[in-house]
There are 2 protein chains.
Amino acid sequence: MRKNAVEQLSEYLAGQGLRSTTQRDQILQVFISAGRHLSAEELYLRVKKPHPGIGYATVYRTLKLLAEAGLADERRFEDGFTRYEYKASDDHHDHLICTKCGAIIEFENERIEALQQDVARKNHFLVQNHKLELYGLCGNCQKNR
Amino acid sequence: MRKNAVEQLSEYLAGQGLRSTTQRDQILQVFISAGRHLSAEELYLRVKKPHPGIGYATVYRTLKLLAEAGLADERRFEDGFTRYEYKASDDHHDHLICTKCGAIIEFENERIEALQQDVARKNHFLVQNHKLELYGLCGNCQKNR
DNA sequence: ATTGATATTGAAAACCATTTTCAATACATA
DNA sequence: TATGTATTGAAAATGGTTTTCAATATCAAT
């Protein structure tokens with residue numbers, strides 16, 4: 001876990017006139033130490049164990065907050081619910097998603113990113129954000145089909 | 001409208017042991033003649049005018065059917081609902097989406113697609129499908145900000 | 001420290017796009 | 001033309017997410 005993630009949240013909150021709370025800090029810590037691509041419910045279940053008092057709604061609210069604060073990325077794959085992942089300051093990555101077993105593999109590719117910028121430029125478009133997902137079969141699922 | 005879209009649907013239905021119905025044909029025709037990236041509700045409203053008897057659920061059901069039949073692509077952008085677009089046999093394209101005015105610009109880029117295949121290959125992954133969306137500001141919205 | 005204003009919380013209810021249910025109807029095969 | 005069943009429309013249900021609301025906690029000012 002990044003040393004100052006909790007601080008980073010505090011700063012964001014202070015800057016917005018919002019308040020630091022123990023729940024927010026606790027949720028953030030569990031979020032960071034948990035695996036990637038968690039849904040709100042998955043995080044809720046993990047948070048419940050060490051902090052049984054925390055409610056469902058607070059987890060939802062905190063995840064949105066973390067996204068606003070730049071500490072999390074919000075992603076909607078095709079499985080019906082929103083997943084969040086902890087966002088290190090500068091890494092951007094995309095996803096390979098197995099349609100059979102649900103495995104999610106991350107990748108980065110600068111050349112693709114560069115070509116995206118070309119496309120945007122040609123269309124007088126200013127990119128703030130992007131999303132690239134390749135759906136298909138992972139190595140394992142190709143064998144065991 | 002492609003000459004034989006209705007036929008194409010009929011063939012799919014027959015092949016699956018399903019039935020052709022006037023509603024399905026009517027919805028398909030409105031779907032094709034309407035603009036792209038329609039939500040179920042938007043299509044429902046357009047279908048209502050010439051065919052007031054058709055119900056909401058039937059539009060939903062037919063859109064899923066068209067997707068299964070290969071006549072439509074189902075896409076979830078970040079605005080909360082599923083959008084469909086008529087799928088010509090072989091074109092694949094991706095999207096630039098304006099976060100301010102909601103405009104959707106389509107583009108194709110073979111070099112990006114080729115690089116995607118490279119990434120997949122390196123990860124022993126077999127791509128069935130992909131999705132690339134660039135979110136940002138369109139030319140107009142950059143000016144009028 | 002104490003107070004006061006108000007942001008936040010947990011639980012339950014509300015939301016809302018989408019799906020399902022169900023009785024009535026329409027399609028396709030014999 | 002009759003028969004079995006897929007399909008329909010309307011309404012209810014579903015399910016992830018958001019909102020409501022009274023109780024509580026935070027923080028700035030005292």
Side-chain angles (χ1 to χ4, degrees), chain A residues 6-7 9-28 30-31 37-69 72 74-84 102, chain B residues 6-7 9-28 30-31 37-69 72 74-84 102:
Chain A
V6 174
E7 284 167 39
L9 178 58
S10 293
E11 279 165 29
Y12 173 79
L13 292 171
Q16 300 289 312
L18 302 174
R19 294 175 181 172
S20 288
T21 67
T22 56
Q23 288 93 330
R24 284 172 177 168
D25 289 348
Q26 290 169 342
I27 291 170
L28 173 56
V30 174
F31 176 61
H37 312 113
L38 262 71
S39 67
E41 178 167 24
E42 286 164 353
L43 181 55
Y44 171 69
L45 293 175
R46 284 181 188 252
V47 166
K48 264 273 144 145
K49 288 179 207 161
H51 312 295
I54 290 184
Y56 217 88
T58 302
V59 172
Y60 269 95
R61 288 187 281 230
T62 302
L63 281 171
K64 303 218 84 164
L65 194 65
L66 294 178
E68 287 162 23
E74 207 176 8
R75 302 191 95 101
R76 272 174 265 280
F77 301 122
E78 311 267 279
D79 66 348
F81 36 116
T82 307
R83 295 185 173 280
Y84 293 83
Chain B
V6 174
E7 284 167 39
L9 178 58
S10 293
E11 280 165 28
Y12 173 77
L13 292 171
Q16 300 290 312
L18 303 174
R19 294 174 179 171
S20 288
T21 67
T22 55
Q23 288 94 329
R24 284 173 177 167
D25 288 350
Q26 290 169 342
I27 291 171
L28 173 55
V30 173
F31 176 60
H37 313 113
L38 263 70
S39 67
E41 178 167 23
E42 286 164 354
L43 180 56
Y44 171 70
L45 293 174
R46 284 181 188 253
V47 166
K48 264 269 144 145
K49 290 180 205 160
H51 311 296
I54 291 184
Y56 217 86
T58 303
V59 172
Y60 268 95
R61 287 187 280 231
T62 302
L63 280 171
K64 303 218 85 165
L65 193 65
L66 294 178
E68 285 161 25
E74 207 176 9
R75 302 191 95 100
R76 274 174 263 279
F77 300 122
E78 310 266 280
D79 66 350
F81 35 115
T82 306
R83 296 184 172 280
Y84 293 85

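The chains referred to below are lettered A, B, ... by the order of the sequence lines, with proteins before strands, and numbering in each begins at 1.
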Novice: Scan nucleotides 25-30 of chain C nucleotide by nucleotide, 5' to 3', and note B when protein non-hydrogen atoms come under 4.0 Å of the base, S if they reach only the sugar-phosphate, - if neither.
Specialist: -BBS--
Novice: How many Å lie between CD on B/Q16 and P on D/dT7, as a whole number?
Specialist: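 The answer, rounded to whole Å, is 11 Å.
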Novice: Nearest 0.5 Å please: distance from the CZ atom of A/R83 over to the CD atom of A/E41.
Specialist: 10.5 Å
Novice: In whole angstrom, give the distance that lies between atom NE2 of B/H51 and atom C1' of D/dG9.
Specialist: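 Rounded to the whole Å, the gap is 16 Å.
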Novice: Return the value, rounded to whole Å, for the distance between atom OH of B/Y44 and atom P of C/dC16.
Specialist: 18 Å
Novice: Counting side-chain heavy atoms from CB outward, which of C/dT19, D/dT18, C/dT8 is closest to A/R24?
Specialist: C/dT8
Novice: Quick one: do A/L13 and A/L65 satisfy side-chain contact (heavy atoms from CB on, under 4.5 Å)? Show the steps, please.
Specialist: CA-CA 9 Å; A/L13 292 171; A/L65 194 65; 3.8 Å; yes
Novice: Rounding to a whole Å, what distance do you find between B/E68:CD and D/dT7:P?
Specialist: 11 Å
Novice: What's the CZ-C1' distance between B/R75 and C/dT18, to the nearest Å?
Specialist: 20 Å
Novice: Could you say whether A/A57 or A/E41 is positioned toward the 5' end of DNA chain D, judged by the nucleotide with the nearest heavy atom to each?
Specialist: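 So the residue in question is A/E41.
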Novice: Please determine whether a side-chain nitrogen or oxygen atom of B/Y60 lies at a distance below 4.0 Å from atom OP1 or OP2 of C/dT19.
Specialist: no
Novice: Rounded to whole angstrom units, what separation is found between the CD1 atom of B/I27 and the C1' atom of D/dG9?
Specialist: 11 Å
Novice: Side chain of A/T58, heavy atoms from C-beta onward: which of C/dT9, D/dT8, D/dT17 has the nearest atom to it?
Specialist: C/dT9
Novice: NA contact type, B/T82, heavy-atom cut-off 4.0 Å: base, sugar-phosphate, or nothing?
Specialist: sugar-phosphate
Novice: Do B/Y84 and B/L43 have side-chain heavy atoms sitting under 4.5 Å apart?
Specialist: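 No - every pair of side-chain heavy atoms lies 4.5 Å or more apart.
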Novice: Run the numbers on A/E42 and A/H37 for side-chain contact (heavy atoms from CB on, under 4.5 Å), then give the verdict.
Specialist: CA-CA 10 Å; A/E42 286 164 353; A/H37 312 113; over 6 Å; no
Novice: Tell me whether the side-chain N/O atoms of B/K64 come closer than 4.0 Å to OP1 or OP2 in C/dT18.
Specialist: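 Result: no.
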Novice: Among B/V47, B/V30, B/T62, B/T22, whose side-chain contact (heavy atoms from CB on, under 4.5 Å) with B/I54 holds?
Specialist: B/V47
Novice: Any side-chain donor-acceptor pair under 3.5 Å between A/Y44 and A/K48?
Specialist: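 Short answer, yes.
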Novice: D/dG16 P sits how many Å from B/F81 CZ, rounded?
Specialist: 20 Å
Novice: Identify which one of B/E74, B/R76, B/R75 satisfies the side-chain contact (heavy atoms from CB on, under 4.5 Å) criterion when paired with A/E78.
Specialist: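 The option that passes is B/R76.
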Novice: Atom OH of B/Y56 to atom C1' of C/dA17: distance rounded to whole Å?
Specialist: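 Atom-to-atom, B/Y56 to C/dA17, this comes out as 8 Å.
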Novice: State whether the distance check finds a donor on one side and an acceptor on the other, under 3.5 Å, for side chain A/R61 versus base C/dG10.
Specialist: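 Yes, the side chain and the base share a sub-3.5 Å donor-acceptor pair.
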